[in-house]
There are 2 protein chains.
Amino acid sequence: MKATFGEYIRKLRKSHRLTLTQLAFQLDLDSANLSKIENGKREFDEKRLEKLATAFNLDIEQLKTEYFADQFAKKMYQYNCSPETLIVAEEKINYLKSINTKQGKIKFENEK
Amino acid sequence: MKATFGEYIRKLRKSHRLTLTQLAFQLDLDSANLSKIENGKREFDEKRLEKLATAFNLDIEQLKTEYFADQFAKKMYQYNCSPETLIVAEEKINYLKSINTKQGKIKFENEK
DNA sequence: TTAAAACTTGTCAATCTATGACAAAATTAA
DNA sequence: TTAATTTTGTCATAGATTGACAAGTTTTAA
């Protein structure tokens, strides 16, 4: 999908002929803020991915892919990261998985 | 580099025979907080990458690669993202670049 | 064994950022 | 025009992050 996450939502919404207000209601969001999200002026909150999947009957895994890919792309674009970053990221994921299976679950800062 | 960013800093610090206090001073950080960073209990702040590069005479670009790759990996691990996410991210970066060259610089939420 | 140095952990106030909410302006469609 | 839709601006507040420091533990070296 060659689009920002905001553009992606807009396309979905339009193709389902929903107004901002209608979709915003389903997402438990203010329509003004949904407008900003679609226009890339605010972030979509991860916790609403489920609701978005429900609203348009989408596969949640695919939606997550779109969502996180969008976040990474934005950050790399913004900080002018080298393309290698993604390759290194993949290595690091494998590393995290390996120490996880060896030593039990890793705790993140934002976990209890 | 197969290591978290915290482990990476620790290796650098050890190999240069610096104490937490010594490196923390160079990074304008409390040694207790540097300890937490090395142990993955706090995030390293992007704005200190330059100082870190200076402290160990590292290429800032390579350091950025390590840093952002670490962030992406953590997130993907944490949210159980499909490996495809990185591929989609690459597409999206190209998309961002293309609309940038076409239409001028994109503004991000955190820019003025 | 002991003392000092090095490191870790916990806590909390202050700071920063993101979010929800609403008003008002602009755009679009009928 | 006027009603619906969308966009933009603002702001208080909630939530997260950070710096700072104290107290605890571990390591080092005599």
Side-chain angles (χ1 to χ4, degrees), chain A residues 3-52 55 67-68 70-72 74-75 78-79 99 103 106-112, chain B residues 3-52 55-56 67-68 70-72 74-75 78-79 99 103-104 106-112:
Chain A
T4 64
F5 198 71
E7 290 167 353
Y8 176 60
I9 294 177
R10 173 149 295 182
K11 270 185 201 161
L12 284 167
R13 179 173 65 81
K14 293 285 189 186
S15 71
H16 285 71
R17 321 242 162 201
L18 297 178
T19 65
L20 283 171
T21 307
Q22 290 171 321
L23 178 56
F25 176 77
Q26 290 196 65
L27 299 176
D28 189 24
L29 242 180
D30 185 287
S31 66
N33 293 328
L34 179 54
S35 167
K36 287 171 196 159
I37 288 168
E38 289 186 350
N39 291 299
K41 299 181 174 171
R42 279 210 185 185
E43 288 301 323
F44 187 81
D45 192 323
E46 183 267 333
K47 73 184 177 209
R48 272 188 261 258
L49 283 179
E50 282 285 1
K51 281 174 181 160
L52 188 61
Y67 178 71
F68 288 106
D70 184 76
Q71 291 203 336
F72 301 161
K74 273 193 204 153
K75 205 154 224 177
Q78 185 179 3
Y79 286 97
I99 57 177
Q103 311 173 355
I106 290 169
K107 294 280 182 258
F108 284 99
E109 298 81 22
N110 52 352
E111 286 182 333
K112 274 286 156 58
Chain B
T4 66
F5 199 70
E7 291 167 353
Y8 177 60
I9 294 178
R10 173 148 293 183
K11 271 184 199 160
L12 283 167
R13 179 172 65 79
K14 293 284 189 187
S15 70
H16 286 71
R17 321 242 163 199
L18 297 180
T19 64
L20 283 172
T21 308
Q22 289 171 322
L23 178 56
F25 175 77
Q26 290 197 65
L27 299 176
D28 189 24
L29 242 182
D30 185 286
S31 66
N33 292 330
L34 179 54
S35 167
K36 287 171 196 160
I37 289 168
E38 289 187 351
N39 291 300
K41 297 179 175 169
R42 276 209 187 188
E43 287 301 323
F44 188 81
D45 191 320
E46 184 266 332
K47 74 182 176 206
R48 271 187 262 258
L49 283 179
E50 282 283 2
K51 281 174 182 161
L52 189 61
F56 296 123
Y67 178 72
F68 289 106
D70 184 77
Q71 291 202 337
F72 300 161
K74 272 193 207 152
K75 206 152 223 178
Q78 185 180 1
Y79 286 97
I99 58 177
Q103 308 174 357
I106 291 168
K107 295 283 182 255
F108 284 100
E109 299 81 24
N110 52 354
E111 287 182 335
K112 274 287 156 59

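We name chains A, B, ... by the order of the sequence lines, and we start the count at 1 in each one.
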Could you encode protein contacts along nucleotides 4-10 of chain C as a string, one character per nucleotide from 5' to 3', using B for base contact, S for sugar-phosphate-only contact and - for no contact, with a heavy-atom cut-off of under 4.0 Å?
--SSBBB
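- For the pair Glu46(B) CD and dT17(C) P, the interatomic distance rounds to 12 Å; values are reported in whole Å.
- Atom pair Leu23(A):CG and dT5(D):C1' shows a separation of 14 Å (rounding to whole Å applied).
- The backbone N or O of Ala32(A) lies less than 3.5 Å from a partner atom in the side chain of Asp30(A), making a donor-acceptor pair.
- Protein atom CZ of Phe44(B) is 11 Å distant from nucleotide atom P of dG19(D), rounded to whole Å.
- Between Asp70(B) and Tyr8(B), the closest side-chain pair of non-hydrogen atoms is not below 4.5 Å.
- Comparing the start and finish of the helix from dT1(C)-dA30(D) to dA30(C)-dT1(D), five pairs each, the helix axis swings through 40°, to the nearest 10 degrees.
- Between Phe72(B) and Gln71(A) there is no side-chain heavy-atom pair separated by less than 4.5 Å.
- With contacts defined as side-chain heavy-atom distances shorter than 4.5 Å, the pair Leu12(B)/Leu23(B) does not qualify.
- As rounded to whole Å, 16 Å separates atom C1' of dC16(C) from atom CD of Glu43(B).
- Between His16(B) and Phe56(B), the ring planes are tilted. Angles from 30° to 60° get that label.
- Straight-line distance from the NZ atom of Lys47(B) to the C1' atom of dT15(C): 10 Å, rounded to whole Å.
- Protein atom CG of Asp45(B) is 17 Å distant from nucleotide atom P of dT15(C), rounded to whole Å.
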Please lay out, stage by stage, how Glu43(A) and Lys74(A) fare under the test salt bridge (Lys or Arg N to Asp or Glu O under 4.0 Å).
CA-CA 11 Å; Glu43(A) 288 301 323; Lys74(A) 273 193 204 153; 3.2 Å; yes
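- Residues Tyr79(A) and Leu49(B) form no side-chain contact, since every pair of their non-hydrogen atoms from C-beta on lies 4.5 Å or further apart.
- In this structure, the CG atom of Asp28(B) is 14 Å from the P atom of dT18(D), given to the nearest Å.
- Going from atom CD of Gln22(A) over to atom CZ of Arg13(A) covers 9.0 Å, rounded to the nearest 0.5 Å.
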